[in-house]
Amino acid sequence: MAALIECLMIQSVCAGIAPYAILVCMVSASIPLKAYDKRMLVIPAAAAAAAFLSVNLYYSASIPDSIRIGRIYTYRAEGISAGRKYLVEGIEEGLKEGDIISGVFVYEDMPFNKDGYIGKLVFSDYRVSLDLISRLKRFKAELGEDLKEWYGYDNGSLMGSLVLGYRTDLSPDRMATMESLGILHILSISGFHIALIEQLLEKLRLRRSGFAAILLYGAVVDSVPSYRAVLMSAYKALGRATGRDPDPITGLAASFMIQASLKPYLVFSYGFALTYVSSLGMMLLGRRIGRRTWWMPQSVGSPLAGTTAALALSFPFMVSMTGGMSAGVFAGNMAMVPIYTGVTYLSLASVLLGPIPPARIILEPVIASIMQLALRAGEAASAFSADLGLLRVVMYYPAFLAASWISFRRRKFGILLAFFLCGLLISMPIIERVEIVNDWGNCKVVVSSGFRTIVISNERIPESGEILLEKPIFFTLGGRRVEISKGTGWNSLPQVHVEGKRLKIPSEMSYYNGMAVEADFIFIFGKVYRLK
């Protein structure tokens, strides 16, 4: 566990995530070094040495003779050679993921970057070759397209994402409900899917050959979350083979060390951090919180405990990536995850039986029905759209984290749960307010009223779900008329007037690496109070 914590600390320092660093320091301080002797200090020293060596080895690669095509973009692609990433240009249409190309190119060094690119290869002439991995990737892509043809575009796209990790466009309605409910993680092949396959293999009494099947499945999917799940499965299999107890936290630390050492640029990826922090939260707090939900039905208490435990440690990342999160995340995990578990099993059966026309004819109406059930149930659950404005939590997070840590150390889990609920109440839009938000250097005005949050963007092209500030927008908050309009200068911030009087907000907004609240006003009984 200490290795995982030390690696997370190194990652947090490199990525500059202050709340996360606070969390790591608190957890690491809770390790009783006296009980384990000072030899435990060898682990963080080894982790630091491994981090130094992995970065230097990764960026000391020679110029490759050939490159495997990874993700394909417009007029360029990612290339992979010996586990290292390169930017590839000068390619034509017709190449597919997994193809190997070699030929005449110009190589350019690239500075250290968070995407992990070592250099750029600009091809003027190349030839294409295939190997087993190439054919596996082509087979996955062809099977993903076949699913759309067999079961319809929307249903086939969802099935390809759930089973093959083949992400293409899903229907906007389904994506909107899954995003609102916080269950988009289901679309990424991860521990959720590997666990389902493990359970299925055990029910079929194929436990001995199960690991080989999971290893092959992870190679076909070829994603960071799937490899994490595969590494942890390998750790469990090794523990059983040697007659040792496979401690899950040690397995999580080992998989983190392996992935971060092979691909050190992953430490700058929020998705990479989230998959490990969420897993760590469930391991540390899942059972403890679950014991406090004994009075609930298991179908409700178990998902609630897992969701709460995962979110308890991942709040800082949610704050950094997005300005808010729907309270429907709890409804989504309690109600929708069981439904999508059934959808995943059915999708797996449909992939295996799809080439057989009679089986496809039998499965098609069943698939259409359960897909519609998942869509409509998601729409019903997301109707409760009270937003958890996590930007407010960031102001109170260090104090909230410190109080929670003290409660955890003293084993006062009831108080810990109360602190967590208080954090949710603070974040919910119960009070009518106007916030000026710095979103990576771009200004947004967040208006909370009636348990809903409205985001007004000052950018030329707003993000999905945001309102573009083209002309003045009016609200009634706390019984007073509020006007939000564009600034007078080309780079000035929007203006907020209450009953004709302008609120004092910053005139310009500098670039900020993340999201932060610049100004916060609440409206109570006709009065306006500034919190920040």
Side-chain angles (χ1 to χ4, degrees), residues 18-19 315-316 318-327 385-400 423-532:
F315 262 146
M318 298 295 185
V319 173
S320 300
M321 289 190 297
T322 178
M325 181 178 65
S326 173
S385 58
D387 292 314
L388 301 177
L390 298 181
L391 283 171
R392 301 187 193 102
V393 178
V394 73
M395 294 186 291
Y396 312 108
Y397 197 80
F400 167 71
L424 295 182
L425 290 175
I426 291 172
S427 66
M428 291 185 69
I430 300 174
I431 300 174
E432 295 181 320
R433 69 203 305 160
V434 173
E435 296 167 287
I436 307 298
V437 177
N438 190 332
D439 181 7
W440 296 87
N442 298 315
C443 177
K444 295 182 180 179
V445 182
V446 181
V447 180
S448 301
S449 177
F451 283 93
R452 292 185 179 273
T453 298
I454 301 170
V455 180
I456 302 171
S457 176
N458 199 34
E459 303 176 50
R460 294 181 179 178
I461 303 177
E463 296 181 8
S464 176
E466 297 178 354
I467 299 175
L468 179 62
L469 184 58
E470 295 180 307
K471 56 184 180 180
I473 301 175
F474 298 91
F475 298 92
T476 300
L477 302 176
R480 308 189 70 177
R481 181 180 174 83
V482 179
E483 176 188 348
I484 300 173
S485 58
K486 294 180 69 69
T488 56
W490 71 273
N491 193 33
S492 59
L493 298 182
Q495 298 182 9
V496 181
H497 290 83
V498 179
E499 300 291 353
K501 295 182 179 181
R502 182 180 176 184
L503 296 179
K504 293 182 179 180
I505 60 176
S507 58
E508 294 184 0
M509 185 164 292
S510 60
Y511 180 77
Y512 179 77
N513 187 26
M515 299 186 73
V517 177
E518 296 286 348
D520 185 6
F521 300 90
I522 62 173
F523 297 76
I524 303 176
F525 302 121
K527 300 290 185 179
V528 182
Y529 300 93
R530 180 164 186 167
L531 299 182
K532 186 176 181 180

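None of the values given here were measured: they were computed from a predicted structure.
Residues Ile505 and Ala519 approach most closely at CG2-CB, 4.3 Å, considering heavy atoms. Considering every non-hydrogen atom in both Gly478 and Glu432, the closest pair reads N-OE1, 2.5 Å. Closest of all the heavy-atom pairs between Glu499 and Arg480 is OE2-CA, 3.4 Å. The heavy-atom pair separating Ile484 from Leu469 by the smallest distance is O-CD1, 3.7 Å. Between Glu483 and Pro472, the shortest heavy-atom distance links the atoms OE2-CB, 3.7 Å. Considering all non-hydrogen atoms of both residues, Ser448 and Leu477 come closest at O-CD2, 4.1 Å.
With a 4.5 Å cut-off on side-chain heavy atoms, Asp520 and Arg433 count as touching. The shortest side-chain heavy-atom distance between Phe523 and Val482 falls under the 4.5 Å cut-off. For the pair Val437 and Val445, the minimum side-chain heavy-atom distance is 4.5 Å or more.
Without hydrogens or angle criteria, Arg530 side chain to Lys504 main chain gives a donor-acceptor distance under 3.5 Å.
When Val446, Val447, Val434, Leu468 are each tested for a side chain to side chain contact (heavy atoms under 4.5 Å, CB included) with Ile456, only one passes: Val447.
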